[in-house]
Amino acid sequence: QVQLVESGGGVVHPGGSLRLSCAASGFTLAYYSIDWFRQAPGKERERVSCISYSDSRTYYADSVKGRFTSSGANAADTVWLQMNNLKPEDTAVYYCAANTIRSRCSDSPYYRQHEYNYWGQGTQVTVSS
């Protein structure tokens, strides 16, 4: 079965850290760019980060730059999002998605929904004191 499965969400105090995992089954991530998105209640989905195996390129939204880091396993079956110095405004459901059109990350916050054929189920991140 082809799917992405996320894990690692939870509740953390401001300033804390979490590491999200995005595991692929049934396919390899090596040919795609892998994005992380988040969506908070009442807000639009935001493109947070991207990593591409083809050129090791990454993208980060301005809101997370310097705090979040995306990396990938050598086996191209898992991608991680390390989130440090978390803030209450980082609270959201986080999703990973495989862009099957682009093998390289774009450096724009805008994205085309139809380019993402595989989505994870989402994992809740709550930052609260």
Side-chain angles (χ1 to χ4, degrees):
Q1 184 178 0
V2 176
Q3 61 178 353
L4 293 173
V5 179
E6 297 134 352
S7 60
V11 181
V12 65
H13 292 308
S17 298
L18 284 173
R19 189 171 86 152
L20 305 183
S21 297
C22 175
S25 64
F27 71 109
T28 178
L29 301 175
Y31 306 120
Y32 310 127
S33 55
I34 310 303
D35 286 58
W36 288 94
F37 295 86
R38 68 185 181 187
Q39 189 163 21
K43 294 188 177 181
E44 292 188 355
R45 185 177 296 170
E46 177 187 13
R47 184 175 185 241
V48 173
S49 175
C50 178
I51 184 169
S52 52
Y53 277 93
S54 61
D55 57 0
S56 300
R57 187 173 181 176
T58 56
Y59 161 84
Y60 299 100
D62 288 342
S63 57
V64 306
K65 201 170 292 183
R67 301 187 297 122
F68 289 15
T69 303
S70 189
S71 59
N74 289 336
D77 58 359
T78 304
V79 170
W80 299 282
L81 183 67
Q82 178 66 43
M83 306 185 295
N84 297 329
N85 191 21
L86 283 161
K87 304 176 180 180
E89 52 264 42
D90 294 319
T91 296
V93 178
Y94 284 71
Y95 301 88
C96 64
N99 188 321
T100 56
I101 303 299
R102 297 176 185 266
S103 62
R104 299 178 179 181
C105 296
S106 71
D107 57 2
S108 168
Y110 302 105
Y111 61 93
R112 296 180 174 87
Q113 180 83 18
H114 73 273
E115 294 183 353
Y116 299 87
N117 283 331
Y118 304 119
W119 288 83
Q121 81 284 3
T123 185
Q124 176 71 46
V125 171
T126 302
V127 185
S128 174
S129 56

Self-check item: For Asn85 against Arg67, the heavy-atom pair lying closest together
Solution: O-NH1, 3.0 Å

Self-check item: Any Ser103 side-chain heavy atom under 4.5 Å of Ser52 side chain
Solution: no

Quiz item: What closest approach, in Å, do Gly8 and Leu18 show between heavy atoms, and which atom pair accounts for it?
Solution: O-CD2, 3.8 Å

Quiz prompt | Euclidean distance, Gln121 CD relative to Glu6 CD, rounded to 0.5 Å | solution = 4.5 Å

Quiz item: Once you round to the nearest 0.5 Å, how far does CZ of Arg45 lie from CZ of Arg38?
Solution: 13.5 Å

Self-check item: salt bridge (Lys or Arg N to Asp or Glu O under 4.0 Å): pairs with one or both residues in residues 73-85, sequence neighbours excluded
Solution: none

Quiz item: Testing Thr100, Asp35, Ile101 for side chain to side chain contact (heavy atoms under 4.5 Å, CB included) with Tyr116, which one passes?
Solution: Asp35

Exercise. Count the heavy atoms of every other residue, nucleotide or ligand shown that sit under 6.0 Å from CG of Asp55, and state whether that count exceeds 12.
Key: yes

Exercise. Work out which heavy atom in Ser17 is nearest to a heavy atom in Gln82; give both atom names and the distance.
Key: CB-NE2, 4.0 Å

Quiz item: Is it the case that one hydrophobic cluster holds both Tyr31 and Leu29, taking links as side-chain heavy atoms less than 4.5 Å apart, direct or via other members?
Solution: yes

Self-check item: Heavy-atom donor-acceptor pair, Thr91 side chain to Val127 backbone, under 3.5 Å
Solution: yes

Exercise. Treating Ile, Leu, Val, Met, Phe, Trp and Tyr as nodes and any side-chain heavy-atom pair under 4.5 angstrom as an edge, say whether Val125 and Leu81 lie in one connected cluster.
Key: yes

Quiz prompt | same_hphob_cluster(Val12, Trp36) at 4.5 Å side-chain heavy-atom cutoff | solution = yes

Quiz item: When rounded to the nearest 0.5 angstrom, what distance separates CG in Leu86 from NE2 in His13?
Solution: 12.0 Å

Self-check item: Aromatic plane relationship, Tyr32 with Phe27 - under 30° parallel, 30 to 60° tilted, over 60° perpendicular
Solution: tilted

Quiz item: About how many Å separate CG of Asn84 and OG1 of Thr69, when rounded to the nearest 0.5 Å?
Solution: 6.5 Å

Exercise. Measure the CG-OG distance between Leu20 and Ser7 for me, rounded to the nearest 0.5 Å.
Key: 8.0 Å

Quiz prompt | Closest approach of Val79 to Ser70 (non-hydrogen atoms, all atoms of both residues) | solution = CG1-OG, 3.8 Å

Self-check item: Evaluation steps, side chain to side chain contact (heavy atoms under 4.5 Å, CB included), between Gln124 and Val11
Solution: CA-CA 8 Å; Gln124 176 71 46; Val11 181; over 6 Å; no

Exercise. Could you tell me whether the side chains of Glu46 and Ser63 share a donor-acceptor contact shorter than 3.5 Å?
Key: yes

Quiz prompt | Check: Gln1 main-chain N/O paired with Ser25 side-chain donor or acceptor under 3.5 Å | solution = yes

Practice problem: Check the surroundings of atom CZ in Arg104: do more than 12 heavy atoms from other residues, nucleotides or ligands lie under 6.0 Å from it? | Solution: no

Quiz item: What is the minimum heavy-atom distance between Cys22 and Leu4, and which atoms define it?
Solution: SG-CD2, 3.9 Å

Quiz item: Are Asp107 and Arg57 close enough that some pair of their side-chain heavy atoms sits under 4.5 Å apart?
Solution: yes

Quiz item: Going by an N to O cut-off under 4.0 Å, is there a salt bridge joining Asp90 and Lys87?
Solution: no

Practice problem: Check the surroundings of atom NE2 in His114: do more than 12 heavy atoms from other residues, nucleotides or ligands lie under 6.0 Å from it? | Solution: yes

Exercise. Among residues two or more places apart or on two chains, list those pairs meeting salt bridge (Lys or Arg N to Asp or Glu O under 4.0 Å) that have a residue in residues 111-128.
Key: Arg102-Glu115, Arg112-Glu115

Practice problem: Among residues two or more places apart or on two chains, list those pairs meeting ring-ring contact (aromatic ring centres under 6.0 Å, His included) that have a residue in residues 39-98. | Solution: none

Quiz item: Do the side chains of Tyr118 and Phe37 join up, straight or via other hydrophobic residues, at under 4.5 Å, putting them in one cluster?
Solution: no

